[in-house]
Amino acid sequence: MTFLAIDLPAVLAGALAALVCALVGNVLVLRRQALLGDAISHVVLPGLVAGFWISGAASLVAMLSGALIAALLAVALIAVFRNVGRVNGDAATGVVFTAFFAAGILFLSVSGAGSTNFDIHTVLFGNLEGNLWVAAEGWGSLLDPVALVELPDSIGRLAAVLAIVLAAGALAFKEIRLVAFDPIYARASGAPYRLVAGGIVVLTALAAVAAFEAVGAILVVAMFVCPAATARCLTDRFGTQIALSAAIAVTAAVAGYVLAAFVPLTLGFERSVNAAGVIVVTAGLLQLAAMLFGAKRKGYGPRGAFA
Amino acid sequence: MLRDPAKTAAGVPPPLSIRNMTVAYDRRAAVDDVSLTIRNGRLVAVVGPNGAGKSSLIRGVLGLVSASGTAEAFGRPVDAVRDRIAYVPQRAAVDWDFPASALDVVTMGLYRRAGWFRPITRSHKDRARAALAEVGMADFAARPIGALSGGQQQRVFFARALVQDADLLFLDEPFAGVDAVTEQIVFSKLKALRDDGKTIIVVHHDLDTVTDHFDDAVLLNKRLVASGPVDDVLTPDNLAIAYGGRLAKALAAVR
């Protein structure tokens, strides 16, 4: 059963990672904070590696704590750059997140983590194909709790983060919409602005960390932005946009994996290509198609033309 | 009309009382030590030259920017009476390309009453629809906000404040770049609210229309120049202080 053992866990990890990042990404894109996902996914790298280094294994608690500390440190540093160094906000963010990412790369080579399965290649492209389900013995394993426990840890982590994101989204749907659309009015009407805005950052960090190991930095950054931006071209409704972005993310992940895993072999190439890369390209192509054929553009044309 | 402000203060607490408010950005004062009291049931224009701190004063009062000094509404800190206060931000403050309908935006005015982290009900939506009808936008409820004209967007913002049933309203430049129909609808609603005993404070850029539409005026140029009934405030002397000599003379001539 190579499909169950090799392809299913990889597709599942890819789809979950894409889904988690895309859901959070809607809010980032609408708040014009698309690069926050980029920044956070880079900033957490030294923390992840340090957690990995200190705990000596891919321990979720150690890596998450490391990532969180790195993220908080980065936010504090950006504030220092702005207030003491009088560097403007986007420059300060740019300097801090590239420096942190570089420090993470440095940690990787110094710590020797690179000699395990956590190396620069994993950082950039993730390790989708490394998600194996060795306990799978047949389709019956899908209903076998003992075998299901043996699913790769990264899938469990992603599923847990997805549950948190969905719960937060369901609980605070209208507050998130308000804060994303009109933060000034949200604060004037006494909305729990800090809680919601802070929650968005925390969820972004959680999504980035959980997805990072499975699919790598490039896919994380792309999935924060692409599905939401694609969905934006197709609808003018907030709820519809979120649902569409989820469908687009899963489609890109599954289609991208299938293209990467099977098409090159069918065409006679010796080996399959990197799945994360193909998933990102697929997402990019979906974006292009949406921009060219998007229903929203068709209906309204340039702003105000409908009025 | 010319009631003694002290007498008003002696009875019920005023809808708004500002004491020594200073708002500074990058250590440069936008609002400098302003103290004033707004009387109940008045339609008040906040006027002054560009950069006079009109919007900053409102934002300071509402706690949207850090400010020193105090602002009390109905005798209590603003934070304690937010359910009695409505705010219409500048239209340019938000991204109108956001995926939302006119009805979605107006319904936001009821989020606080529905309760944070609690769902919106059908009756909330009905109330929001009624408010859209009040500003002549009944047929636009389902329209994406990005497909509305500037004046229609302003009316959506105004309807969002209307559903709050507030006793004190702040409007920041509601007539900037809007059509004549919108201006007329908003002014007539503001007057109706005033006649119902509400207090309305409008940051206004057009000195010419202040006398026609407003009861009181607050004249600012970072510092408070004058505050009170329009005719007492917009005197040539006060305008000269706020706008500088030559421009003030020209303005006085127009009036």
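Residue numbers start from 1 in every chain, and the chains themselves are labelled A, B, ... in the order their sequence lines are given, proteins ahead of strands. Atom set for the values below is all heavy atoms of this structure, side chains included, hydrogens, waters and symmetry mates excluded. What you see is a predicted model; the values in this text were computed from it and never measured.
- In this structure, Lys174(A) and Ala114(B) approach most closely via the heavy-atom pair CE-CB, 4.4 Å.
- Closest approach of Arg118(B) and Glu175(A) over heavy atoms only: N-OE2, 4.3 Å.
- For Asp83(B), no part lies under 4.5 angstrom from a heavy atom of chain A.
- Separation of atoms OH (Tyr185(A)) and CE (Met108(B)) is listed at 9.0 Å; rounding is to 0.5 Å.
- The two residues Val65(B) and Arg187(A) come nearest to each other via the heavy atoms N-NH2, 4.4 Å.
- Ranking Leu178(A), Thr240(A), Val196(A) against chain B, the residue ahead of the rest is Leu178(A), based on heavy-atom pairs under 4.5 Å.
- Screening residues 220-246 of chain A for ring-ring contact (aromatic ring centres under 6.0 Å, His included) gives Phe173(A)-Phe238(A), Phe238(A)-Phe98(B) as the qualifying pairs, with residues at least two apart or on separate chains.
- Only the side chain of Leu195(A) comes within contact range of chain B, judged by heavy atoms closer than 4.5 Å.
- Screening Thr235(A), Leu30(A), Asn26(A) against Pro99(B) for a side-chain contact (heavy atoms from CB on, under 4.5 Å) leaves a single residue, Leu30(A).
- Put simply, the side chain of Ser101(B) does not reach to within 4.5 Å of the side chain of Asp236(A), judged on heavy atoms.
- Contact annotation for residues 157-181 of chain B against chain A (heavy-atom separation below 4.5 Å, listed by residue number): Phe157(B), Arg160(B), Gln164(B).
- When all heavy atoms of Phe181(A) and Asp95(B) are compared, the pair lying nearest together is CE1-O, 3.7 Å.
- Listed here is the closest heavy atom pair of Gly190(A) and Arg112(B): CA-NH1, 3.7 Å.
- For Arg31(A), there are no salt bridge (charged side-chain N to carboxylate O under 4.0 Å, His left out) partners two or more places apart in sequence or in a different chain.
- The contact between Leu64(B) and chain A is made by backbone and side chain atoms together, counting heavy-atom distances below 4.5 Å.
- The distance from atom CZ of Arg177(A) to atom OG1 of Thr107(B), rounded to the nearest 0.5 Å, is 7.5 Å.
- Between Asp97(B) and Arg232(A), at least one side-chain nitrogen of the basic residue sits less than 4.0 Å from a carboxylate oxygen of the acidic one, meeting the salt-bridge criterion.
- Of the two parts of Ala186(A), neither the backbone nor the side chain holds a non-hydrogen atom closer than 4.5 Å to a non-hydrogen atom of chain B.
- Sorted by first and then second residue, the ring-ring contact (aromatic ring centres under 6.0 Å, His included) pairs with a member in residues 102-121 of chain B form an empty list; sequence neighbours excluded.
- For chain A, the nearby part of Val105(B) is the side chain; its heavy atoms alone come within less than 4.5 Å.
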